[in-house]
Amino acid sequence: MRNRVKTNLRQANSTARLDKMERDIQQVKGDIDSLKVGVKTGKLPGSEGDEGSIGSLLEKIEERLVKLEETQMEILESIEKSASRRKKKLGRAK
């Protein structure tokens with residue numbers, strides 16, 4: 001009888017340790033999935049407003065690039081208008 005109690009106790013302890021290991025494994029898998037997302041996006045999930053993250057820096061660079069492209073288009077349009085005005089003036093002067 002005593003051996004049976006010891007065996008049941010060991011079995012219960014083993015089951016509890018296995019359950020804990022399974023929970024730990026699931027936690028590690030969740031952490032790995034979170035890291036995968038972080039690598040793809042440059043931001044770790046749940047770290048909103050992190051000014052030093054690669055994702056935040058990329059967003060700032062993208063915003064600046066868009067503004068630069070818009071300004072460049074405005075400059076090119078201005079140059080084209082100026083060139084067409086000059087052509088008109090030269091055509092009238094002849």
Side-chain angles (χ1 to χ4, degrees):
M1 185 76 143
R2 197 176 237 174
N3 286 339
R4 180 179 256 197
V5 171
K6 286 182 181 180
T7 303
N8 287 343
L9 183 60
R10 274 189 252 146
Q11 183 180 7
N13 285 337
S14 295
T15 301
R17 282 186 285 174
L18 282 174
D19 289 343
K20 184 182 180 323
M21 289 174 77
E22 286 177 3
R23 285 191 307 272
D24 291 344
I25 289 170
Q26 289 303 317
Q27 178 65 42
V28 169
K29 286 181 179 181
D31 291 345
I32 289 171
D33 289 342
S34 177
L35 289 172
K36 285 179 182 179
V37 169
V39 167
K40 288 180 183 179
T41 64
K43 289 184 181 179
L44 288 176
S47 64
E48 297 299 317
D50 185 12
E51 293 298 317
S53 73
I54 298 297
S56 294
L57 293 173
L58 288 173
E59 285 177 12
K60 288 178 184 177
I61 290 171
E62 184 179 17
E63 288 172 11
R64 291 175 68 187
L65 182 59
V66 167
K67 288 178 184 177
L68 179 65
E69 289 174 339
E70 290 171 354
T71 303
Q72 181 182 12
M73 288 303 296
E74 290 172 7
I75 291 170
L76 288 173
E77 289 171 1
S78 180
I79 290 172
E80 288 174 4
K81 287 179 185 178
S82 177
S84 71
R85 287 182 195 150
R86 285 186 184 162
K87 287 180 184 178
K88 288 180 183 178
K89 284 184 181 179
L90 290 174
R92 291 183 198 160
K94 289 184 181 181

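All values reported here derive from a predicted model rather than from experimental measurement. Only heavy atoms go into these numbers, but all of them, side chains included; no hydrogens, no water, no symmetry mates.
- Taking CD of E80 as the reference point, atom CD1 of I75 lies at 12.5 Å (rounded to 0.5 Å).
- With rounding to the nearest 0.5 Å, the separation of CD1 in I61 from CG in L68 is 12.5 Å.
- Ion pairing of R23 with D19 is absent here, as no side-chain N (NZ or NE/NH1/NH2) approaches a carboxylate O to less than 4.0 Å.
- The main-chain N or O of E74 is never found under 3.5 Å from a side-chain atom of S78 such that the two would form a donor-acceptor pair.
- The distance from atom CD of Q11 to atom CG of L18, rounded to the nearest 0.5 Å, is 10.5 Å.
- The closest side-chain heavy-atom distance from E69 to L65 is below 4.5 Å.
- For the atom pair CG of L76 and CE of M73, the computed distance is 6.0 Å after rounding to the nearest 0.5 Å.
- Remark: I54 CD1 is loosely packed, at most 12 non-hydrogen atoms of other residues, nucleotides or ligands lying under 6.0 Å away.
- We find the OG-CD1 distance between S84 and I79 to be 12.0 Å, quoted to the nearest 0.5 Å.
- A distance of 7.0 Å separates CD of E22 from CD1 of I25, quoted to the nearest 0.5 Å.
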| message | Does K29 form a salt bridge (Lys or Arg N to Asp or Glu O under 4.0 Å) with D33? I'd like the steps, not just the answer. | response | CA-CA 6 Å; K29 286 181 179 181; D33 289 342; over 6 Å; no
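- A donor-acceptor contact shorter than 3.5 Å is absent between the side chain of S34 and the backbone of G30.
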